[in-house]
Participant: 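Pasting a structure below so you can have a look.
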Amino acid sequence: MAQKPSIPKGTRDFSPIEMVRRSYIINTIKEIFKLYGYQQIETPAIENLSTLLGKYGDEGDKLLYKIRSNKSLFSQLGTEKERHIRKVYNFWLPQKSEMALRFDLTVPFARYVVQHRNDITFPFKRYQIQPVWRADRPQKGRYREFFQCDVDVIGSHSLLNEVELIQIINDVFNKLQINNVIKINNRKVLYGIAEYIGETEKFTEITVAIDKLDKIGIEKVKEELSVCGLSKKAIDRLQQILNFKGTNEEKIIFLDKMLENTETGKNGMDEIKAVFGYLNMLSIFSKMEFDLTLARGLDYYTGAIIEVIAKDVRIGSICGGGRYDDLTGVFGLPDVSGVGVSFGADRIYDVMMEKNLFPEETLSTTQVLFINFGKEEEKYCLHQVGKLRAAGINTEIFPEAAKLKKQLNYANNKKIPFVVLVGENEMKENVLTVKDMNSGQQTKMTINELKFRM
RNA sequence: GUGCAUGUAGCUCAGCUGGUUAGAGCACCGGAUUGUGGUUCCGGGGGUCGCCGGUUCAAGUCCGGUCUUGCACCCCA
């Protein structure tokens, strides 16, 4: 055999069993999105490079998959020989790219909103479930091609939207039975802290350092900030805040007082108080945590930021998002605020596999298998099969009169719960022998009785 | 993008300081059992030891490169 074929690094094939599980996740999420009145859209896999560039920070730009058009490729080819070489080896000269694979669904959505503004009634609640691509180095739970399930509402400043998104998160993970913690913070609060310690120009450095707190510890964070040029006094004031431990309520009271004289910070705390105020009167099963160390790198977030992590599984966040006040502004439509979160279908899959959370019954795609005993039986069965399908029951007939052992094994492997055996006797009596594959019990019944039981 | 590991049958892994035709369990196929599976017994197929090169009389084993997967940094779903 020739060299085995392969797929690019960080991409995966999905087998039937994997697709059944993935569909289970995606359908669950989709149903909940619809339950809250969100409408689906799709956008192209490729966008103009200018649409994506500069929206995700410097790190993000590096991770964009850039694509060259054939036109620009051929227009600058030299000799016939060079042309051949480049064609065969897909060899591209360094040249300005024109397009890129989408990096997330939020920026294309902002572009969509601006482009279709006249057809959209605001607030616009949309969901979008599509793959995205990042030229990142793969690791566990980190792929170069993965699915995001986005829900956003754009064109409304109301904090009710933040609350609704958290309800959705709660519903999704409750349904999927994933043990989780919803971390909530607000960029304005982070900015307020910078205001409070008098270092607003160092806002980015401060958030990046705070973000690492549970990873590298307070001393290293202080060290890092000192290197950035923060004064000793500022660092001490920051430590005072970071050292505070307590419940969400205690943290809110503490910070509220701390930031009462900052402009943006006070604003942020008002938002936090309002959001938690709503959430406390709703029944949310997920653990919620007001987490000051949550920063999130994506440049466009301006208000609430949200991240969900799975308990007991080391895989990073399984859902994340926040409010972006002016993402549409860069496309020429200012003052349209949006907020949304994105569920990582692939990571959710990994968590559910590790924790064994896929319900057994979701794995069977066929409900009834007709055993094939020969030509006469085949003809008889085909009619019965048709009747079950007409009743909406997933049914198949084994395509050849193979040994019973093989046919039953086939049912086992596909986790088909019921098998129907029809031989000479059954045909004469006009009944079916129905075998329950779990208990092994067999019962004779008519086709209508079987339909009724399914 | 930087550093460190990893790779043997479809899957999980043995294979000692280099030494005959590279093994096991599970899975698959066939038989015991011509209409009864998921438990038993017997038999069978399947590997260019990730790929390329080097050292050696001899390489799965040592060396270099490359790719894959994973870990840390970074960032994130």
Side-chain angles (χ1 to χ4, degrees), chain A residues 1-12 15 25 29 56-64 102-106 129-150 169 207-209 211-212 215-216 220 224 294-299 301 305-310 313-322 340-351 369 371-374 377 398 401-427 433-442:
Chain A
M1 195 172 78
Q3 182 77 42
K4 267 188 193 165
S6 64
I7 54 175
K9 182 199 284 235
T11 65
R12 290 132 326 133
S15 61
I25 292 172
I29 291 174
Y56 309 103
D58 292 343
E59 284 301 320
D61 284 352
K62 278 187 223 156
L63 299 179
L64 282 175
R102 67 168 164 252
F103 179 90
D104 72 354
L105 300 177
T106 308
I129 299 171
Q130 287 188 277
V132 302
W133 294 268
R134 295 180 188 179
D136 210 348
R137 188 123 157 205
Q139 272 184 40
K140 186 184 179 188
R142 175 178 299 189
Y143 307 99
R144 287 188 164 178
E145 178 184 63
F146 61 96
F147 268 72
Q148 287 194 330
C149 312
D150 262 44
I169 291 171
T207 52
V208 168
D211 188 38
K212 294 181 189 166
K215 230 182 220 172
I216 63 176
K220 292 260 181 195
E224 206 161 293
L294 174 62
R296 296 190 63 79
L298 292 178
D299 272 9
Y301 292 126
I305 41 183
I306 300 164
E307 193 164 286
V308 184
I309 55 162
V313 183
R314 282 197 53 186
I315 202 163
S317 57
I318 52 178
C319 177
V341 293
S342 182
F343 292 80
D346 306 77
R347 284 187 179 174
I348 292 171
Y349 180 97
D350 290 344
V351 168
L369 172 74
I371 296 296
N372 188 326
F373 282 118
E377 290 88 344
F398 202 84
K403 291 216 167 92
L404 234 200
K405 179 179 169 136
K406 186 179 167 67
Q407 299 193 44
L408 289 173
N409 230 335
Y410 177 84
N412 274 337
N413 290 338
K414 281 186 85 170
K415 303 198 190 304
I416 301 172
F418 295 98
V419 158
V420 173
L421 301 99
V422 177
E424 275 180 55
N425 296 336
E426 283 89 349
M427 287 200 294
T433 295
V434 178
K435 184 181 178 74
D436 178 330
M437 290 300 279
N438 289 317
S439 66
Q441 277 194 348
Q442 294 186 180

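Here the structure is a predicted model, which is why all the values come from computation and not from measurement. Chain identifiers are assigned alphabetically (A, B, ...) following the order of the sequence lines, protein sequences preceding nucleic acid strands; residue numbering begins at 1 within each chain. Values below: all heavy atoms of this structure, side chains included; hydrogens, waters and symmetry mates excluded.
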Participant: Just how far, in rounded Å, is P of B:rC76 from CD1 of A:Ile306?
Facilitator: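 Spelled out: CD1 on A:Ile306 to P on B:rC76 is 16 Å.
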Participant: Counting N and O atoms only, with roles assigned by atom type, does the side chain of A:Asp436 sit under 3.5 Å from a partner on the main chain of A:Gln441, one being a donor and the other an acceptor?
Facilitator: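 Absent.
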Participant: State whether the aromatic ring of A:Phe146 stacks on the base of B:rA77, taking stacking to mean ring centres under 5.5 Å apart and ring planes under 30° to each other.
Facilitator: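 It does: the two rings, one from A:Phe146 and one from B:rA77, meet the stacking criterion.
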Participant: Does any non-hydrogen side-chain atom of A:Gln130 lie less than 4.5 Å from one of A:Arg102?
Facilitator: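 Heavy-atom side-chain distance check passes, below 4.5 Å.
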Participant: Using purine N1 to pyrimidine N3 plus N6-O4 or O6-N4 for Watson-Crick, or N1-O2 and O6-N3 for G-U wobble, each under 3.5 Å, what pairs with B:rG70?
Facilitator: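 Here B:rG70 is engaged in a pair, and the nucleotide opposite it is B:rC4.
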Participant: Mind checking the P distance from B:rC51 to B:rG60? Whole angstroms is fine.
Facilitator: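 11 Å, rounded to whole Å.
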Participant: How does each nucleotide of nucleotides 67-74 of chain B score, in 5' to 3' order, for protein heavy atoms under 4.0 Å: base (B), sugar-phosphate only (S), or none (-)?
Facilitator: -SSSSBBB
Participant: Which residue lies toward the 5' end of RNA chain B, A:Cys319 or A:Met437, if each is placed at its nearest nucleotide?
Facilitator: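 Final value for this comparison: A:Met437.
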Participant: Would you mind classifying the nucleic acid contact of A:Gly440 as base, sugar-phosphate or nothing, using non-hydrogen atoms under 4.0 angstrom?
Facilitator: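 It contacts base atoms.
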Participant: Answer yes or no: does a side-chain N or O of A:Lys403 lie under 4.0 Å from OP1 or OP2 of B:rG30?
Facilitator: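 False: A:Lys403 side-chain N/O out of range (4.0 Å or more) of B:rG30 OP1/OP2.
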Participant: Taking all non-hydrogen atoms of both residues, which atom of A:Ala295 and which atom of A:Ile305 are closest, and how far apart?
Facilitator: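 Closest approach of A:Ala295 to A:Ile305, heavy atoms only: O-CD1, 3.2 Å.
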Participant: Would you measure the distance from the P atom in B:rA5 across to the matching atom in B:rG43 and give it in whole Å?
Facilitator: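 Each nucleotide's P atom is 44 Å from the other's.
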Participant: Measure the distance from CD1 on A:Ile305 to P on B:rA77 and round it to the nearest whole Å.
Facilitator: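 A:Ile305 atom CD1 is separated from B:rA77 atom P by 11 Å.
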Participant: In the strands shown, is B:rG25 matched to any nucleotide by a Watson-Crick or G-U wobble pair with both distances under 3.5 Å, and which?
Facilitator: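 For B:rG25, the partner nucleotide comes out as B:rC11, under the 3.5 Å rule.
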Participant: For B:rG18 versus B:rG64, give the span between their P atoms, rounded off to a whole number of Å.
Facilitator: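 The answer is 16 Å between these two P atoms.
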Participant: Taking the P atom in each of B:rU20 and B:rU61, what is the distance between them to the nearest angstrom?
Facilitator: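 Straight-line distance between the two P atoms is 14 Å.
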Participant: Please give, in whole Å, the distance from B:rA32 P to A:Leu404 CG?
Facilitator: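 Roughly 14 Å, once rounded to whole Å.
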Participant: Which whole number of Å gives the distance between the P atom of B:rG38 and that of B:rC28?
Facilitator: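 Between the two P atoms, the distance is 10 Å.
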Participant: Just checking A:Cys149: base, sugar-phosphate only, or nothing, at a heavy-atom cut-off of under 4.0 Å?
Facilitator: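 Nothing: the residue A:Cys149, judged by heavy atoms under 4.0 Å, touches no strand.
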Participant: Whole angstroms only, please: what is the NZ-P distance between A:Lys435 and B:rU36?
Facilitator: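 Whole-Å distance recorded here is 10 Å.
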Participant: Whole-Å distance between B:rG1 P and A:Lys62 NZ?
Facilitator: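 Atom NZ in A:Lys62 sits about 11 Å away from atom P in B:rG1.
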Participant: Are any side-chain N or O atoms of A:Arg134 and backbone N or O atoms of A:Arg144, one a donor and one an acceptor, separated by less than 3.5 Å?
Facilitator: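 No, A:Arg134 side chain to A:Arg144 backbone: no donor-acceptor pair under 3.5 Å.
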Participant: Would you check if the side chain of A:Asp150 reaches a backbone N or O of A:Ser342 as a donor-acceptor pair within less than 3.5 Å?
Facilitator: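 Looks like no, no N/O pair under 3.5 Å.
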Participant: Distance-only, no hydrogens or angles: does the A:Gln407 side chain make a donor-acceptor pair with backbone N or O of A:Ala402 under 3.5 Å?
Facilitator: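 Yes, A:Gln407 side chain to A:Ala402 backbone: donor-acceptor pair under 3.5 Å.
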Participant: Between atom OH in A:Tyr301 and atom C1' in B:rC75, what is the gap in whole Å?
Facilitator: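 Roughly 13 Å, once rounded to whole Å.
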Participant: With heavy-atom distances below 4.5 Å as the criterion, would you say the side chains of A:Asp104 and A:Gln148 are in contact?
Facilitator: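 Result yes, sub-4.5 Å side-chain heavy-atom pair found.
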Participant: Are the side chains of A:Ile371 and A:Leu404 in touch, meaning some heavy atoms are under 4.5 Å apart?
Facilitator: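 Yes, side chains in contact.
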Participant: Is A:Ile318 touching bases, backbone alone, or none of the nucleic acid, heavy atoms closer than 4.0 Å?
Facilitator: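 Answer is sugar-phosphate: A:Ile318 comes under 4.0 Å of backbone atoms only.
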Participant: Have a look at A:Asn412 and say if it touches a base, only the backbone sugar-phosphate, or nothing, with a 4.0 Å heavy-atom cut-off.
Facilitator: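 Result for A:Asn412 = base.
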Participant: Any strand counts, and the cut-off is 3.5 Å on both contacts for Watson-Crick or G-U wobble. Which nucleotide pairs with B:rU17?
Facilitator: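 WC or wobble partner does not exist here.
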Participant: Identify whether any heavy atom of A:Glu145 sits under 4.0 Å from a base atom; if not, whether one sits that close to sugar-phosphate; answer base, sugar-phosphate or nothing.
Facilitator: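 Nothing, no nucleic acid heavy atom in range.
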Participant: Within the 4.0 Å heavy-atom criterion, would you say A:Glu424 contacts the bases, only the backbone, or no part of the nucleic acid?
Facilitator: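 The residue A:Glu424 makes base contact.
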Participant: In whole Å, what is the span from the CD atom of A:Gln130 to the C1' atom of B:rA77?
Facilitator: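 Between C1' of B:rA77 and CD of A:Gln130: 15 Å.
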Participant: Provide the distance between the two P atoms, one in B:rU8 and one in B:rU48, to the nearest whole Å.
Facilitator: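 Result for the P pair: 13 Å, nearest Å.
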Participant: Classify the ring geometry between A:Tyr56 and A:Phe103 as parallel (under 30°), tilted (30 to 60°) or perpendicular (over 60°).
Facilitator: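 If you compare the ring of A:Tyr56 with that of A:Phe103, the planes turn out tilted.
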Participant: Which whole-number value in Å describes the distance from A:Phe103 CZ to B:rA77 P?
Facilitator: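 My rounded result for the distance is 8 Å.
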Participant: Please determine if A:Glu145 and A:Arg12 form a salt bridge, counting it only when a charged side-chain N lies under 4.0 Å from a carboxylate O.
Facilitator: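 Answer for the salt bridge query: no.
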Participant: Is the closest side-chain heavy-atom distance between A:Tyr410 and A:Leu369 below 4.5 Å?
Facilitator: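 Answer yes - side chains close enough.
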Participant: With a 4.0 Å cut-off on heavy atoms, is A:Gly423 in touch with a base, just the backbone sugar-phosphate, or nothing at all?
Facilitator: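 Base contact.
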Participant: For A:Asn409 and A:Gly321, find the nucleotide of RNA chain B closest to each by heavy atoms; which residue's nucleotide sits nearer the 5' end?
Facilitator: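 Nearest nucleotide further toward 5': that of A:Asn409.
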Participant: Could you write out each protein N or O paired with an N or O of nucleotides 39-43 of chain B at a distance under 3.5 Å?
Facilitator:
none

Participant: Does B:rA27 have OP1 or OP2 under 4.0 Å away from a side-chain N or O of A:Asn413?
Facilitator: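 Result: no.
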Participant: Taking B:rC11 as the reference, what is the distance to B:rC67 when you measure between their P atoms (whole Å, please)?
Facilitator: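 Roughly 22 Å separates the two P atoms.
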Participant: So what does A:Gln407 touch, heavy atoms closer than 4.0 Å: a base, only the sugar-phosphate, or nothing?
Facilitator: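 No contact at all - A:Gln407 keeps every heavy atom at 4.0 Å or more from the nucleic acid.
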Participant: Taking the C1' atom of each, how far is B:rC73 from B:rA59, in whole Å?
Facilitator: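 It works out to 36 Å between them.
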Participant: Does the salt bridge (Lys or Arg N to Asp or Glu O under 4.0 Å) test come out yes or no for A:Asp136 and A:Arg142, once each step is laid out?
Facilitator: CA-CA 8 Å; A:Asp136 210 348; A:Arg142 175 178 299 189; 3.4 Å; yes
Participant: Identify whether any heavy atom of A:Lys406 sits under 4.0 Å from a base atom; if not, whether one sits that close to sugar-phosphate; answer base, sugar-phosphate or nothing.
Facilitator: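 Sugar-phosphate: the residue A:Lys406, judged by heavy atoms under 4.0 Å, touches backbone atoms but no base.
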